[in-house]
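Beneath this line is the structure, given in structure tokens, with notes to follow.
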Amino acid sequence: ATSQSDADLVSAIAPRARVTVYPNALPPTPLPVAGDEEAIVFSGNMEYHPNLTAVRFFRREVWPRLRDRWPLLVWRLVGKNPDTVRRYTTGDPRIEVAGPVVDAVREIARSRVAVVPLLTGSGTRLKILEAWAAGVPVVSTTIGAEGLPVQDGETALLADGAEAFAGTVSRLLTCSELRQKIGGAGRLLLEKEFTWETAWKKLDF
């Protein structure tokens with residue numbers, strides 16, 4: 001058995017392990033051509049429980065408000081494991097479940113607003129980074145934007161609760177200038193802080 005003094009000696013002379021955490025970032029992504037279809041989009045792995053909870057909340061509490069106000073609006077869901085959310089999407093022809101796609105950023109760019117109605121979860125939100133890469137404005141809950149330096153009203157719009165969330169999405173759908181402002185600011189923030197190149201420079205080796 002190793003004595004306490006031996007352990008102290010080993011601790012003193014052994015090199016200390018350093019853990020480097022690579023920040024979430026995206027590869028260099030050209031700004032896609034905006035599709036500007038009358039659609040909103042939610043992206044992510046639908047099997048991930050926080051995403052599943054978000055879809056359920058949005059479908060039951062937020063989508064009915066938007067659906068009534070915007071008779072042509074479509075809600076798209078993009079990401080892996082789409083069958084896990086079918087119970088919330090079937091029966092409504094204005095909900096499109098695209099499933100996994102080759103280029104998520106290009107797919108997101110087809111819509112006017114990216115919604116992030118997360119109620120739980122942790123970690124950096126890649127779905128927001130992808131929306132920023134697409135130049136699409138984001139409406140998120142406060143929890144949904146945790147881990148990112150989001151400035152409400154600048155790089156995204158934050159809204160908590162079904163009524164506030166639906167109203168904020170409607171605000172963006174109503175004003176193309178606001179969509180361009182928020183989407184453009186998000187894209188600039190991505191280029192400044194969340195590309196592979198900029199993330200690499202932040203690492204301390």
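Note: the hydrophobic cluster containing V62 also contains L172 (ILVMFWY, side chain heavy atoms under 4.5 Å, direct or indirect links). Taken together through direct or relayed side-chain contacts under 4.5 Å among Ile, Leu, Val, Met, Phe, Trp and Tyr, I40 and V55 form part of one hydrophobic cluster. Residues V150 and V139 do not share a hydrophobic cluster, clusters being chains of Ile/Leu/Val/Met/Phe/Trp/Tyr side chains in contact below 4.5 Å. Using a 4.5 Å cut-off between side-chain heavy atoms of Ile, Leu, Val, Met, Phe, Trp and Tyr, with links allowed through other members, V78 and V136 fall into the same hydrophobic cluster. By the criterion of side-chain heavy atoms lying less than 4.5 angstrom apart, applied directly or through intervening Ile, Leu, Val, Met, Phe, Trp or Tyr residues, L157 is grouped together with L66 in one hydrophobic cluster.
When side chains are defined from C-beta on, L73 counts as touching R94, because their heavy atoms get closer than 4.5 Å.
The two residues P149 and F194 make their nearest non-hydrogen contact at CD-CZ, 3.5 Å. Across V116 and K127, no two heavy atoms sit closer than the pair CG1-CD, 3.6 Å. Heavy atoms only, all atoms of each residue included: G161 and F57 are closest at C-CZ, 4.2 Å. The minimum heavy-atom distance linking V115 with F42 is given by the pair O-CD1, 3.2 Å. Across all their heavy atoms, I182 and G153 have their closest contact at CD1-O, 3.4 Å. Counting all heavy atoms, side chain and backbone alike, L52 lies closest to T84 at CD1-O, 3.4 Å.
Residue Q180 holds its CD atom at 15.0 Å from CZ of R187, rounded to the nearest 0.5 Å. Distance CG/L148 to CZ/R125: 8.0 Å, rounded to 0.5 Å. Within the model, atoms OG1 of T53 and OH of Y48 stand 10.0 Å from one another, a figure rounded to the nearest 0.5 Å. A distance of 8.0 Å separates CD of Q151 from CG of L189, quoted to the nearest 0.5 Å. One finds the OG1 atom of T174 at 5.0 Å from the CZ atom of R69 (value rounded to the nearest 0.5 Å). Put simply, OH on Y88 and CZ on F58 are 15.0 Å apart, with the number rounded to the nearest 0.5 Å.
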Scan the side chains in residues 96-111 for donor-acceptor partners under 3.5 Å anywhere in the protein, sequence neighbours excluded, and list what turns up.
| unit_1 | atom_1 | unit_2 | atom_2 | d |
| --- | --- | --- | --- | --- |
| E96 | OE1 | R76 | NE | 3.0 |
| D103 | OD1 | V105 | N | 3.2 |
| D103 | OD1 | R106 | N | 3.0 |
| E107 | OE2 | R110 | NH1 | 2.7 |
| R110 | NE | E37 | OE2 | 3.4 |
| R110 | NH2 | E37 | OE1 | 3.4 |
| S111 | OG | R76 | NH1 | 3.2 |

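Within a 6.0 Å sphere centred on CZ of R171, other residues, nucleotides and ligands contribute 12 heavy atoms or fewer. Within 6.0 Å of atom CD in E38, more than 12 heavy atoms from other residues, nucleotides or ligands are found, so the atom counts as buried in its surroundings.
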V113 vs V41, test: side chain to side chain contact (heavy atoms under 4.5 Å, CB included). Steps then yes/no. CA-CA 6 Å; V113 179; V41 61; over 6 Å; no
Working for side chain to side chain contact (heavy atoms under 4.5 Å, CB included), residues I95 and R59: CA-CA 9 Å; I95 302 177; R59 174 65 179 89; 3.4 Å; yes
Does the side chain to side chain contact (heavy atoms under 4.5 Å, CB included) test come out yes or no for N51 and L118, once each step is laid out? CA-CA 7 Å; N51 285 339; L118 292 181; 3.5 Å; yes
Stepwise side chain to side chain contact (heavy atoms under 4.5 Å, CB included) check, L119 with I143: CA-CA 6 Å; L119 304 178; I143 289 176; 5.6 Å; no
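In this structure, the side chain of R65 does not engage the main chain of A166 through any donor-acceptor pair within 3.5 Å. Listed for the R179 side chain is a donor-acceptor partner under 3.5 Å among the backbone atoms of L173.
Checked against side chain to side chain donor-acceptor pair (under 3.5 Å), D83 has the following partners two or more places apart in sequence or in another chain: R86.
W63 and W75 have tilted rings, their planes meeting at an angle from 30° to 60° on a 0 to 90° scale.
Ion pairing between a basic and an acidic side chain is recognised when a charged N comes within 4.0 Å of a carboxylate O; E177 and K181 show no such pairing.
Side-chain contact check for N81 and N45: at least one donor-acceptor pair (N or O, by modelled atom type) lies under 3.5 Å.
Listed by first then second residue, pairs satisfying side-chain hydrogen bond (donor to acceptor under 3.5 Å, both in side chains) with a partner in residues 128-144 read T142-D160, not counting sequence neighbours.
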